[in-house]
Structures are given as C-alpha cells and as structure tokens.
Amino acid sequence: LGLTCWIILSPLDPPPPSSSNMLRIGGVFNKEIGLNQFNIVDSDNILPLQFIYSGLVKFNSSNDSVLPDLAKKWIVSDDFQSIQFILRDKIYFQDGKPITGEDVKYTYQKHMNPSHFKGISYYSFIKSIDVIDRNTIVFNFNKTFPSPEYYFSLWIIPSYLKDTELQSHPLGSGPYVFLHMKEAGSVLLRKNKIYYAEKGNPEYLFFRSYPNKKALWSGFLKREVDFYMKLDYEQLSMVEKTDWCNIVEIQELTCFILIW
C-alpha cells in the first residue's frame, strides 16, 4: 500500500499553545468510505491509516529492503514454498489487548477473500496459514515464491472486531490512535502511548478535509494545514520555478516535500 505523491510543507508561524503539539495534514477525505482498509482503493482516507496500523514487516526508506515491524524475524523455507514469522513480545493493539498469531491469520484470510477489493484477491498465492503458537505463524504457498517477505506488510487488524466497528473506529497497533472523524471527514489521531517502537511526534495528527483539491490547495496557501499531499505536475512545475521553497525527496513515501 505505497504512496506516490508530492508533499508541500507549509510555512509555520509560531503556533498558539493549543496547537503547538499538533501537525495538520490536508486531504480530500470521504466520510462515506470511512476508515475501513478493505473499502479504500484510491482515496486520501488511506493517509491516517498509515499511522494507525502496523504490519508484520516494513520497508527501509533508503534501499527498499525489508525490516521487522510486528514480526521480529522470519524464516523462508529452503524450497521457497513457506515463510514463518515470529512476532515480537509485548506488542498490543491500541485498546491494550495483545496481538497474536490468530490476529495475523484473520487479517490475511480476509485479504485472501475475493469478496473484498471488488472481487480481486492479491494473496491468492497463499495456500494455507498455520498458527503454531501465539507468536508463530507459517504461511504456505501454492507455488515457489522467492523473497516472499516483501508481500507481508499488510496492516494487522484485531480478530475480535467486526468490519462495521473498524469502519467507524479503526483500531491498530501503529504509532497513533484514532480519536474521531468529523462529519465533514476530518480525522484526529493521538500518539499511541503503548506503541512498541519510538513514540511519534507531535502529540496529535489532524487530517483536515476539503471538498476538492482546489479547496485544499487554497487552504494550504492560507496556512490552514502544514502539509499538502499529492501535488500534481502543474503545481510542481509552478513551485519549481519559484525561490520561496525547496524541494526535498522523501523516500519513505516515494514523494517530494516542498519546504517554505
């Protein structure tokens, strides 16, 4: 679930005390789609989810290699027809419940179901999933699959929650916790105090919703948001010819950031 985009970083005046611990991110968010990852194909709604959820693995921004995330290590079979993941100890969903192999199995079984994602299963190469114990999961393939670890960055969801609950209140294990989604589609996240890795900064992320990209661009120029996501080529061409910003490539998001 990678992003190909450009981001602009807004000029920041010294923020008032009430917003000094909040980063404002603009987007065209669709409240009807909600925040259930199974309903999102191509939408700005995916942006907050990247901070709410974690996967078994993640990617190194400098060389695209695979790094441990919820899984602390993995073992690929000699015949490349299975992979075993060992989960970290003391990893939790944001409600405090521990993450187990059953949650991992549940997540991947949902993604293997063609009824999700408009009849397409991106994980049809998985033949079966075996939960060995709370921290050990084995994925068996229906064909030889070299370097399978690259395919296991899916966001893990709790097996004890229904889709309808995740639609209105996503619950993951990432660095930020979902607080609420406004009627217009804006989303507020707070730092996850029980995140296993380094805690996020700042304390809050506010995803402000706009009706369209034109309104979002206008909001950015008015300093209503600190970031502008998915800069189009016309806007990129425009700012490249100015001297009021610098363009910096951010490999984590496969994008550019414009800094005022």
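Hydrogens, waters and symmetry mates are skipped; everything else that's a heavy atom, side chains included, is used.
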Inset, instruction - Please check if Leu47 and Phe59 belong to a single hydrophobic cluster, counting links between Ile, Leu, Val, Met, Phe, Trp and Tyr side chain heavy atoms closer than 4.5 Å. - result: yes
Legend entry - Option from Ile99, Ile194, Asn192 for which side chain to side chain contact (heavy atoms under 4.5 Å, CB included) with Tyr92 holds: Ile194
Legend entry - Residues which pass side chain to side chain donor-acceptor pair (under 3.5 Å) with Ser218, listed by chain and number, not counting sequence neighbours: none
Legend entry - Between CD1 on residue Ile52 and CD1 on residue Ile157, distance to nearest 0.5 Å: 13.0 Å
Legend entry - Side-chain donor-acceptor contact under 3.5 Å, Glu224 with Tyr210: yes
Legend entry - Non-hydrogen side-chain atoms of Tyr151 and Ile126 separated by less than 4.5 Å: no
Legend entry - Side-chain donor-acceptor contact under 3.5 Å, Ser186 with Ser209: no
Legend entry - Ile156 vs Leu70 side-chain heavy atoms within contact, under 4.5 Å: yes
Inset, instruction - Decide whether Tyr160 and Leu87 are clustered together by the hydrophobic rule: side chain heavy atoms of Ile, Leu, Val, Met, Phe, Trp, Tyr closer than 4.5 Å, transitively. - result: yes
Inset, instruction - Report the distance from atom CG of Leu35 to atom CD of Gln37, rounding to the nearest 0.5 Å. - result: 11.0 Å
Legend entry - pair Glu149-Trp74: side-chain heavy atoms closer than 4.5 Å: yes
Inset, instruction - Check Val66, Asp69, Leu67, Val57 against Ser153 for a side chain to side chain contact (heavy atoms under 4.5 Å, CB included) and give me the one that passes. - result: Val57
Legend entry - Distance-minimising heavy-atom pair for Pro158 and Tyr106: O-CE2, 3.6 Å
Legend entry - Ile137 side chain reached by Ile129 side chain, heavy atoms, under 4.5 Å: yes
Inset, instruction - Give a yes or no on whether the backbone of Ile75 and the side-chain of Gln84 come within a donor-acceptor separation of less than 3.5 Å. - result: no
Inset, instruction - For the pair Asn21 (side chain) and Glu203 (backbone), establish whether a donor and an acceptor sit closer than 3.5 Å, ignoring hydrogens and angles. - result: no
Inset, instruction - First locate atom NZ of Lys213, then atom CG of Asp44, and finally report the distance between them rounded to the nearest 0.5 Å. - result: 5.0 Å
Legend entry - Heavy-atom side-chain proximity of Phe85 to Val138 below 4.5 angstrom: no
Inset, instruction - Return yes if some donor-acceptor pair links the side-chain N/O of Asp79 with the main-chain N/O of Gln81 below 3.5 Å, else return no. - result: yes
Legend entry - Side-chain (Asp103) to main-chain (Thr100) donor-acceptor, under 3.5 angstrom: yes
Legend entry - NZ (Lys162) with more than 12 external heavy atoms under 6.0 Å: no
Legend entry - Stacked cation flag Lys90 on Tyr196, 6.0 angstrom / 45 deg: no
Inset, instruction - Any chance you could measure Phe139, atom CZ, to Phe125, atom CZ, to the nearest 0.5 Å? - result: 8.5 Å
